[in-house]
Amino acid sequence: MIEDYITMKVEYPIGSVSGDDPSMVYPVNFGYAYGAADQEKQEVYLLGVDVPVEEYTGVIIARVHRNNDTKTLLVAAPENIRYNRQQIEEMIYFQEKYYDYDIEIINDEVWDAYDENEKRLGFDIPRSMAKSLPEGVYHVVVMIYTLTDKGRILVTQRARNKTYPLKWEVTGGSILKGESSREGAARELHEETGIIREPEELIPVYSFVDYERHAIYHSFMHMIADDTHVVLQEGETRDYMFLPYEEFLKLVKSERFVASERRRFLQNEQIINKKISQQIGFIMR
């Protein structure tokens, strides 16, 4: 996929206050593209970078077309970071709520469409349409539990500018067009943690269909050495922890964990507990 890059000067870093409206604090970096004439500044939202910056070179992922004043703003993010339309709307709402606007997604991530029996339907789903799938159409989502050889479980903390900011979760995401669930899980694991596993090394845990979310979930498990180094994905995760299983359970069932993932865990808790207990028991023997 050919990416369009842009270098921007950040005029309002995260946490800064608008000169026109002192009550508005910028939750994202906002500025303009370098090279633009002062009277024709190309304004840019920078998503996926949860610290204040002075300048940044990122990938253009969307355009915001304001219908009120015919102005178009750009949305940029770090390379390999994508947000759907709803996520972008949530992050720019603090300012765009004053306008009538449309969002145009650039180089949208593409998924295969499935029926509830996980049979491909023969057409694609743009990621930006994930929240508005028609009846009988689903996409596949994977979850990956990482266990260490001392029985600890990896959790990661979501970046400040993502939905469910600063909440904790296990590794996961949607598989891409052409991928199997195992292949997608191995890719997500590598992208979000830097851990490399072959698809066949992943141990199936549970599968189920979420009719409300139009998603088919597959969960996997794998083992790593306790001293494995985790490489966080910029714009996606900001911290990680390895927790003993009892502490992991407390975190999952708390408000600090992503609510939708907590519900999935509770729905499949017995299966997950059994699989993890089997692995921890194997480790301890």
Side-chain angles (χ1 to χ4, degrees), residues 50 140-175 181-210 212-213 215-285:
D50 60 0
V140 174
V141 181
V142 292
M143 311 292 296
I144 307 98
Y145 290 87
T146 297
L147 277 69
T148 76
D149 55 13
K150 292 186 178 179
R152 299 194 297 165
I153 298 179
L154 173 66
V155 291
T156 56
Q157 187 179 33
R158 295 171 69 86
R160 189 182 304 277
N161 289 330
K162 288 176 65 64
T163 53
Y164 312 114
L166 306 183
K167 298 288 189 178
W168 293 87
E169 63 184 352
V170 298
T171 306
S174 297
I175 71 172
S181 58
R182 280 179 179 271
E183 290 168 343
R187 175 186 52 76
E188 287 285 348
L189 180 66
H190 182 222
E191 289 179 355
E192 294 189 11
T193 69
I195 298 170
I196 298 175
R197 281 288 178 271
E198 295 299 323
E200 57 271 18
E201 295 181 278
L202 301 178
I203 304 166
V205 179
Y206 68 78
S207 298
F208 78 97
V209 179
D210 187 326
E212 182 179 349
R213 290 177 173 268
I216 302 171
Y217 286 92
H218 289 282
S219 177
F220 298 93
M221 182 180 299
H222 75 107
M223 309 295 300
I224 59 170
D226 197 68
D227 59 354
T228 298
H229 178 60
V230 172
V231 180
L232 297 175
Q233 185 179 11
E234 185 179 4
E236 286 287 321
T237 50
R238 68 188 307 271
D239 200 0
Y240 72 93
M241 300 186 293
F242 286 105
L243 298 177
Y245 191 53
E246 291 303 319
E247 291 184 27
F248 169 74
L249 285 177
K250 291 179 181 179
L251 177 63
V252 172
K253 297 178 181 181
S254 75
E255 294 301 316
R256 298 167 60 201
F257 211 73
V258 174
S260 57
E261 190 172 319
R262 179 169 64 248
R263 288 193 296 271
R264 288 193 291 275
F265 180 90
L266 294 175
Q267 183 177 349
N268 297 277
E269 183 173 8
Q270 289 186 342
I271 298 172
I272 297 170
N273 285 345
K274 180 178 180 180
K275 288 282 188 177
I276 290 179
S277 297
Q278 288 173 344
Q279 293 302 315
I280 293 177
F282 173 77
I283 292 167
M284 299 304 177
R285 287 199 294 271

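Note that these values count all heavy atoms, side chains included, but never hydrogens, waters or copies made by symmetry. Quick caveat, the model's predicted, so the values are computed rather than measured.
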Note to self: With a 3.5 Å distance limit and no angle check, can you tell me whether S277 reaches the backbone of K274 through a side-chain donor-acceptor pair?
What the structure shows: no
- Validation row: Y206, R264 side chains within 4.5 angstrom (heavy atoms): yes
- Message: Determine whether a donor-acceptor pair (N or O, by modelled atom type, separation under 3.5 Å) exists between the side chain of Q157 and the backbone of K167.
- Response: no
Note: Y217 and D210 closest approach over all heavy atoms is CE1-CB, 3.7 Å
Exercise for review: Take T156 and V170, measure what side chain to side chain contact (heavy atoms under 4.5 Å, CB included) needs, and give me the verdict at the end.
Suggested key: CA-CA 6 Å; T156 56; V170 298; over 6 Å; no
Using atom types as modelled and distance alone, determine if a side-chain donor or acceptor of T148 lies under 3.5 Å from a backbone N or O of K150. yes
Output for pair (E201 CD, I196 CD1), nearest 0.5 Å, gives 10.5 Å
| query | Would you call I195 and H190 a side-chain contact if the rule is heavy atoms closer than 4.5 Å? | reply | no
Discussion item. Determine whether E255 and R262 satisfy the following criterion, salt bridge (charged side-chain N to carboxylate O under 4.0 Å, His left out), listing intermediate values before the conclusion.
Written reply: CA-CA 9 Å; E255 294 301 316; R262 179 169 64 248; 3.7 Å; yes
What class does the angle between the rings of Y240 and F242 fall in, given that below 30° is parallel, 30 to 60° is tilted and above 60° is perpendicular? perpendicular
Note: H222 and I144 closest approach over all heavy atoms is CD2-CG2, 3.7 Å
Are K253 and L266 side-chain neighbours, meaning at least one heavy-atom pair lies under 4.5 Å? yes
**Item:** side chain to side chain contact (heavy atoms under 4.5 Å, CB included) between T193 and T171, worked out
**Value:** CA-CA 8 Å; T193 69; T171 306; 3.6 Å; yes
>> Within the 4.5 Å heavy-atom criterion, are I203 and F220 side-chain neighbours or not?
In response: no
Step-by-step salt bridge (charged side-chain N to carboxylate O under 4.0 Å, His left out) determination, R182 to E200 = CA-CA 7 Å; R182 280 179 179 271; E200 57 271 18; over 6 Å; no
For V142 and S181, the nearest pair of non-hydrogen atoms, with its separation, is CG1-O, 3.4 Å
*asked:* In the structure I gave you, are the side-chain heavy atoms of I153 and T146 within less than 4.5 Å of one another anywhere?
replied: no
Taking the side chain as everything from C-beta on, heavy atoms only, tell me whether L232 gets closer than 4.5 Å to V230. yes
Checklist entry - Less than 4.5 Å apart, any side-chain heavy atom of Y245 and any of I276? => result yes
Practice prompt. Indicate yes or no for a side-chain donor-acceptor contact from T237 to the backbone of Q233 under 3.5 Å, with no hydrogens or angles considered.
Written response: yes
Note: L251 and F257 closest approach over all heavy atoms is O-CB, 3.3 Å
One should read off an interatomic distance between I272 CD1 and S219 OG, to the nearest 0.5 angstrom, of 5.5 Å
When every non-hydrogen atom of I175 is compared with those of G184, the smallest separation belongs to CG2-CA, 3.8 Å
| request: Please lay out, stage by stage, how L202 and R197 fare under the test side chain to side chain contact (heavy atoms under 4.5 Å, CB included). | output: CA-CA 7 Å; L202 301 178; R197 281 288 178 271; 4.1 Å; yes
Practice task
Hey, can you tell me if F265 and Y145 have their rings parallel, tilted or perpendicular (30° and 60° cut-offs)?
Solution key: tilted
dist R158:CZ -> E192:CD (nearest 0.5 Å) comes out at 8.5 Å
The reported gap from CE in M221 to CD in Q279 (rounded to nearest 0.5 angstrom) is 6.0 Å
Heavy-atom nearest pair, V205 first then I271, reads O-CG2, 3.2 Å
### Query
Under a 4.5 Å cut-off applied to non-hydrogen side-chain atoms, are L166 and R238 in contact?
yes
For this session: Test side chain to side chain contact (heavy atoms under 4.5 Å, CB included) on R152 and L147 and set out the steps.
Result: CA-CA 6 Å; R152 299 194 297 165; L147 277 69; over 6 Å; no
Value for OH (Y164) from CD (E261), rounded to nearest 0.5 Å, stands at 10.5 Å
Q. Hey, are E191 and R187 close enough for a salt bridge, meaning a charged N less than 4.0 Å from a carboxylate O?
A. yes
So CD of Q270 and NZ of K275: to nearest 0.5 Å the spacing works out to 14.5 Å
